[in-house]
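Note sheet for the following structure.
Atoms within a ligand are numbered from 1 in the order they appear, just like the ligands themselves. Note: hydrogens, waters and symmetry copies are ignored here, and every other heavy atom, side chains too, is used.
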Amino acid sequence: MSDQHTRPPVIGVIGGSGVYSLDGLHGAEWVAIHTPFGAPSDDVLVGELHGVRMVFLPRHGRGHRQTPSTVNYRANLWAMKALGVTDIIAVSAVGSLREDLPPGSFVLVDQFIDRTFAREKSFFGPGLVGHVPLAHPVCPRLGDAIEAAAGDIGQPIRRGGTYMVMEGPQFSTKAESELYRAWGCSVIGMTNMPEAKLAREAEICYASIAMVTDFDGWHPDHDAVTVDQVVRVAGENAAKVRHLLQATVPHLAAPRPLCAHGCDTALEHAIMTAPSQRDPAMIEALRPILARIL
Ligand SMILES: CSC[C@H]1O[C@H](OP(=O)(O)O)[C@H](O)[C@@H]1O
Ligand SMILES: Nc1ncnc2[nH]cnc12
């Protein structure tokens, strides 16, 4: 933790199902970003809110064009880093695995179980090997800010919970749903991994607001989840989360030093490859991400 200078935050918002834009940004402009990993899900919306630089990206693209498996998570996170994003608030529709989290509930998840298997999950690879810590995959400082903002506007929000990340795109079988409940998971979705992993590799603080749309497939009193249901409840949740995001920004607006929780210094001791063996092309491709440490 060498750099204790403060700097103004740049807040990134990744919008999930039902959240394809962000209102109220001053000087708002959609900008195309090209990355070494291909195209992000869409152009990014840049602008200012309460004097803070904001970068918004719809995870599935406007019009919901990308499946959870085809979202280019590496391009999305690279784009955020290249635009100077310091903090990401991810917004996601999820199914509930608990009776006490009915549709409409908001959860600030703090753990993930990653059961996805068909996605690129790391910026590292042959020629540059790195391993970042992930025991605590979300940033408690961001969680505090979101929780405080929720208090300001009277939006109930549950602090803490485990988000089971499945590959999809089909919803779970009842047996899978029961298995994840037995594992103690709170909610289920298809997107927060590898997003949270890549945010950590990119040294960006990350928090996820999971908004419940359904009871997945396990609940004896509820029909199996359908897209109709998700879309209807996600629309109701979207209006509330926009308000919550607006209220959160002032809590994060002050210039800050590096995060005390280590999220934005995760690469400090992560690189394994000997300097003489590092692939210059990979180092060039990861320039925005490696700039702080190399
Ligand atoms: C239409 S329900 C399934 C879809 O919604 C969630 O996406 P996101 O996290 O981007 O809101 C879920 O993970 C699936 O991708
Ligand atoms: N039940 C569910 N399973 C997976 N992803 C979801 N997104 C919203 N509801 C979901």
Among protein heavy atoms, which sits nearest to [atom], and what does the distance come to when rounded to 0.1 Å?
atom                    : value
atom 6 (C) of ligand 2  : I188 O, 3.7 Å
atom 7 (N) of ligand 2  : A93 O, 3.3 Å
atom 15 (O) of ligand 1 : P68 CG, 3.1 Å
atom 5 (N) of ligand 2  : G189 CA, 3.5 Å
atom 13 (O) of ligand 1 : M190 N, 2.7 Å
atom 9 (N) of ligand 2  : D214 OD2, 2.7 Å
atom 10 (C) of ligand 2 : G95 N, 3.4 Å

Ligand 1 atoms in contact with [X] (distance to a heavy atom under 4.0 Å):
X    : answer
G16  : 8 (P), 10 (O), 11 (O)
V230 : 1 (C), 2 (S)
H60  : 7 (O), 8 (P), 10 (O), 15 (O)
G189 : 13 (O)
S17  : 4 (C), 5 (O), 6 (C), 7 (O), 8 (P), 10 (O), 11 (O)

Exercise for the section: State whether the shortest distance between N or O atoms of V91 and N or O atoms of ligand 1 falls below 3.5 angstrom. Expected result: no
Practice task
Examine the proximity of ligand 1 to T191 and report which part, side chain or backbone, both or neither, has a heavy atom under 4.0 Å away.
Solution key: both
Practice task
Would you please indicate if the ring centroids of F37 and F123 are separated by under 6.0 Å?
Solution key: yes
So, [X] side chain and [Y] main chain: donor-acceptor pair closer than 3.5 Å or not?
X    : Y    : answer
H136 : C263 : no
Q111 : G160 : no
K81  : L286 : no

Exercise for the section: Look at the rings of F215 and H219 and say which category their plane angle falls in: under 30° parallel, 30 to 60° tilted, over 60° perpendicular. Expected result: tilted
Practice task
Give a yes/no verdict on a cation-pi contact between R287 and W78, requiring under 6.0 Å between NZ or CZ and the six-membered ring centre and an angle within 45° of the axis.
Solution key: no
Problem - Whether over 12 other heavy atoms sit under 6.0 Å from H243 NE2 - result: no
Problem - Carboxylate-amine/guanidinium proximity below 4.0 Å for D114 and K121 - result: yes
Problem - ligand 2 atoms in contact with M166 (distance to a heavy atom under 4.0 Å) - result: 4 (C)
Handout entry: Any donor-acceptor N or O pair under 3.5 Å, side chains T226, D228
Key = no
Practice task
Have a look at S208 and tell me which of V109, I146, V187 forms a side-chain contact (heavy atoms from CB on, under 4.5 Å) with it.
Solution key: V109
Exercise for the section: Check each heavy atom of T213 against ligand 2 and say whether those closer than 4.0 Å belong to the side chain, the backbone, both or neither. Expected result: side chain
